[in-house]
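Written out below as structure tokens is the structure these notes cover.
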Amino acid sequence: MSLEDKLALVTGSGRGIGKAIALKLASQGCDIVVNFFRRREAAEETAEEVREKGVKAELIRANVGDPNKVNEMFDTIRDRFGYLDILINNAASGVGRPIMELDVKAWDWTMDINAKAYLLCAQRAAPLMENRGGGRIVGISSLGSSFVLPTYAVVGVSKAAVEALTRYLAIEFAPKNIAVNAAAASAVETEALKFYIKEGMIQDTRQPTPVGRMVVPEDVANVVAFLCSDEAHMVRGQTIVVDGGTSIAPFVF
Ligand SMILES: NC(=O)c1ccc[n+]([C@@H]2O[C@H](COP(=O)([O-])OP(=O)(O)OC[C@H]3O[C@@H](n4cnc5c(N)ncnc54)[C@H](OP(=O)(O)O)[C@@H]3O)[C@@H](O)[C@H]2O)c1
């Protein structure tokens, strides 16, 4: 699969799963816009590793939960490149609390970064993709969109929104030749997982899946790369589960 001369924006790609996606797409010849929020050093490292693969990397700091910052990020992409081929909506945050402790601030924070940003980025990405005759959008979700995890309510709802929006985008953007899908992972060992375990949101799930090992960021990146390929042209509005089979064997694992 080649993504030569394509340009991808991967939100939150300074570390974790976003970084693995950026490196995977870069290894297929794709230039990368590395978006980050707080951790500039990590994002610079990602950009450097992207460049080592022989492609371009542009660093853009933007809190995707802030609509003005999303607009500024896309203005920069428009002015610098004039086009975009791939959008990966990966950046996420969240407040882990039981329902009765969720306040408006926690709800808005989580929904703004995880769900509203997906809509705003897709709206700004579409015209830049149309300049190229089409494009690919992939939303990153989690099993918490469909399964109940302790104190994960607002994050789970935000991920359900990601999956529903993926379906709507897929149909409305199909005439623009923009394919939209999502990938939903089970527990992946990143800083986010360590946080959720510490907060008691999930049990220490660092245990093998039916496949015999945990899901790693590269497993998610491989599926995302497939969804960005020509081979996935007729896959639309789907959420591909990347969990080593865990969710279909809940009484075994
Ligand atoms: N880890 C898991 O077990 C797991 C399972 C299923 C799904 N997922 C999903 O996979 C995606 C990546 O998760 P991860 O585990 O790699 O997370 P992570 O290690 O916590 O990294 C989060 C990334 O998102 C960025 N980010 C956070 N808030 C942002 C904001 N407001 N604006 C822009 N960037 C922001 C961070 O950037 P800075 O560092 O610069 O702040 C960082 O690069 C998320 O959508 C997550 O829900 C993760």
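Every number for a ligand or one of its atoms is a count from 1 in the order of the listing. Residue numbers start at 1 and run along the sequence shown. The basis for the numbers below is simple: all heavy atoms, side chains too, and nothing from hydrogens, waters or symmetry mates.
Looking at Gly12 next to ligand 1, an N or O pair under 3.5 Å apart turns up. Residue-to-ligand polar distances keep Ser93 apart from ligand 1: every N/O pair is separated by 3.5 Å or more. Considering backbone and side-chain N/O of Gly18, none are found under 3.5 Å from N/O of ligand 1. Among the atoms of Gly16, none of the N or O lies under 3.5 angstrom from an N or O of ligand 1. Looking at Ala187 next to ligand 1, no N or O pair under 3.5 Å apart turns up. In terms of polar-atom proximity, Lys159 is counted as a contact of ligand 1, with an N or O under 3.5 Å from an N or O of the ligand.
Every residue two or more places apart in sequence or in another chain was checked for a side-chain hydrogen bond (donor to acceptor under 3.5 Å, both in side chains) with Thr11, and none qualifies.
To the nearest 0.5 Å, atom CE of residue Met129 and atom CG of residue Asp85 are 7.5 Å apart.
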* For His233 and Asn177, run side chain to side chain contact (heavy atoms under 4.5 Å, CB included): C-alpha distance rounded to whole Å, both residues' side-chain angles, the deciding distance at 0.1 Å, then the answer. => CA-CA 9 Å; His233 184 68; Asn177 194 28; 3.6 Å; yes
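Hydrophobic cluster membership for Phe147: Leu143, Val241 (Ile, Leu, Val, Met, Phe, Trp, Tyr linked by side-chain heavy atoms under 4.5 Å, directly or transitively).
Here is the list of ligand 1 atoms found below 4.0 Å of a heavy atom in Ile113: 31 (N). Atoms of ligand 1 found under 4.0 Å from any heavy atom of Asn63 (numbered from 1 in listed order, with element): 30 (C), 31 (N), 32 (N). Heavy-atom proximity to Asn90, at under 4.0 Å, picks out these atoms of ligand 1: 10 (O), 11 (C), 12 (C), 44 (C), 45 (O). Interface of Ala185 with ligand 1, defined as ligand atoms under 4.0 Å from a residue heavy atom, comprises 5 (C), 6 (C). Below 4.0 Å from some heavy atom of Phe36 lie the following atoms of ligand 1, by number and element: 40 (O). Interface of Asn35 with ligand 1, defined as ligand atoms under 4.0 Å from a residue heavy atom, comprises 33 (C), 34 (N).
Judged by the shortest distance from any of its heavy atoms, Ser141 lies inside the 4.0 Å radius around the atoms of ligand 1. Assignment of Ala184 to the shell around ligand 1 is not supported, since no heavy atom sits closer than 4.0 Å.
Electrostatic pairing of Arg51 and Glu48 counts as a salt bridge here, judged by a charged N lying under 4.0 Å from a carboxylate O.
The heavy atom nearest to atom 33 (C) of ligand 1, out of those in Ala20, Ala62, Gly14, Ala43, is found in Ala62.
Between Gly65 and Ile113, the shortest heavy-atom distance links the atoms CA-CG1, 3.8 Å. Smallest separation of non-hydrogen atoms from Thr110 and Ser158: CG2-OG, 4.1 Å. Shortest non-hydrogen contact noted between Gly16 and Pro217 is O-CB, 4.3 Å.
Surrounding CD of Glu172 are at most 12 heavy atoms belonging to other residues, nucleotides or ligands under 6.0 Å away.
In this structure a side-chain-to-backbone donor-acceptor pair under 3.5 Å is present from Asn181 to Val235.
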